[in-house]
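To start, the structure under review is shown below, and the notes come after it.
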Number of protein chains: 2
Amino acid sequence: MSQAQQPVFKALADPTRREILKRLQQGSETAGEIATAFTISKPSLSHHFNILKAADLVRTERRGQHIVYSLNATVLQEAMAMLLDVFSPGDSSRQQDNDGSKT
Amino acid sequence: MSQAQQPVFKALADPTRREILKRLQQGSETAGEIATAFTISKPSLSHHFNILKAADLVRTERRGQHIVYSLNATVLQEAMAMLLDVFSPGDSSRQQDNDGSKT
DNA sequence: CATTCTTTTAGAAATTTGTCTAAATATACA
DNA sequence: TGTATATTTAGACAAATTTCTAAAAGAATG
């Protein structure tokens, strides 16, 4: 089910990319539509798109001259869940209390 | 309740730091204990601790010569939730379907 | 106080990242 | 085909990041 999470967290590290994802949560948009919401150049934005695509956080579909970007929410959720150890609870050979040292 | 999320996501972007957090989910540890689990130098690790502290993802407590690191799970959860829009659902002036463009 | 152990700070070097402009590619349409 | 629109690729450059070694700082103990 899941892929490498490193590209996902790298992708989430940039505020521009997080804002792109946030916009796409409201619905798909073309590259140009997204571009109007930012002050950086289109090539810079395109670079961010590439990073999001590499992390599989967004999917693309060509529609005439436009390219429509949509969110892949599953990857986002998997990364979060994995980080919070919802899936792999660990070996539990160390204590769980979290209120002090092991000594 | 919440602070700036940029330092949190920057902190999560590095695999070493994510592994530190994962360890701390199992229970608090001293800097030295954590260091045994990694191959990088202690100063490098200390640098990562600083970034995690700046993001408020970990808390520290001195215990004699040792410094004990513990996870601040709340910050982690808030960042995740915020990203998934659990808290701030957006303006809903754009469509929610996520299956195509707005055109 | 001197020594030892633990951890951090300082400063430097190599790599990565985010941004730009200029140019290329892809599609639509007269 | 030629032109306009939409988007990406190429290449360069400044800033940020990760790592290291050397040295300093904090605490326990003889």
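Residue numbers begin at 1 in each chain, while the letters A, B, ... track the order of the sequences. It should be emphasised that the depicted structure is a prediction, and the values quoted were computed from it without experimental measurement.
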Return the value, rounded to whole Å, for the distance between atom [atom1] of [X] and atom [atom2] of [N].
{"X": "A/Tyr69", "N": "D/dT8", "atom1": "OH", "atom2": "C1'", "answer": "8 Å"}
{"X": "B/His66", "N": "C/dT8", "atom1": "NE2", "atom2": "P", "answer": "12 Å"}
{"X": "A/Leu45", "N": "C/dC20", "atom1": "CG", "atom2": "C1'", "answer": "13 Å"}
{"X": "B/Arg63", "N": "C/dC5", "atom1": "CZ", "atom2": "C1'", "answer": "18 Å"}
{"X": "A/His47", "N": "D/dT7", "atom1": "NE2", "atom2": "P", "answer": "18 Å"}
{"X": "A/Phe49", "N": "D/dT8", "atom1": "CZ", "atom2": "C1'", "answer": "11 Å"}
{"X": "A/Glu29", "N": "D/dA6", "atom1": "CD", "atom2": "C1'", "answer": "15 Å"}
{"X": "B/His48", "N": "C/dT8", "atom1": "NE2", "atom2": "C1'", "answer": "14 Å"}

**Item:** Check: A/Glu61 main-chain N/O paired with A/Arg59 side-chain donor or acceptor under 3.5 Å
**Value:** no
Check whether B/Glu33 reaches the backbone of B/Thr30 with its side chain - one donor and one acceptor, N or O, closer than 3.5 Å.
yes
Under 4.0 Å from OP1 or OP2 of [N]: is there any side-chain N or O of [X] that close?
{"X": "A/Ser44", "N": "C/dG18", "answer": "no"}
{"X": "A/Lys10", "N": "C/dT17", "answer": "yes"}
{"X": "B/Arg17", "N": "D/dT18", "answer": "yes"}

>> What's the separation between atom CG in B/Leu83 and atom CE in A/Met80, rounded to the nearest 0.5 Å?
In response: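 With rounding to 0.5 Å, CG (B/Leu83) is 5.0 Å from CE (A/Met80).
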One should read off an interatomic distance between A/Ile20 CD1 and A/Gln25 CD, to the nearest 0.5 angstrom, of 13.0 Å
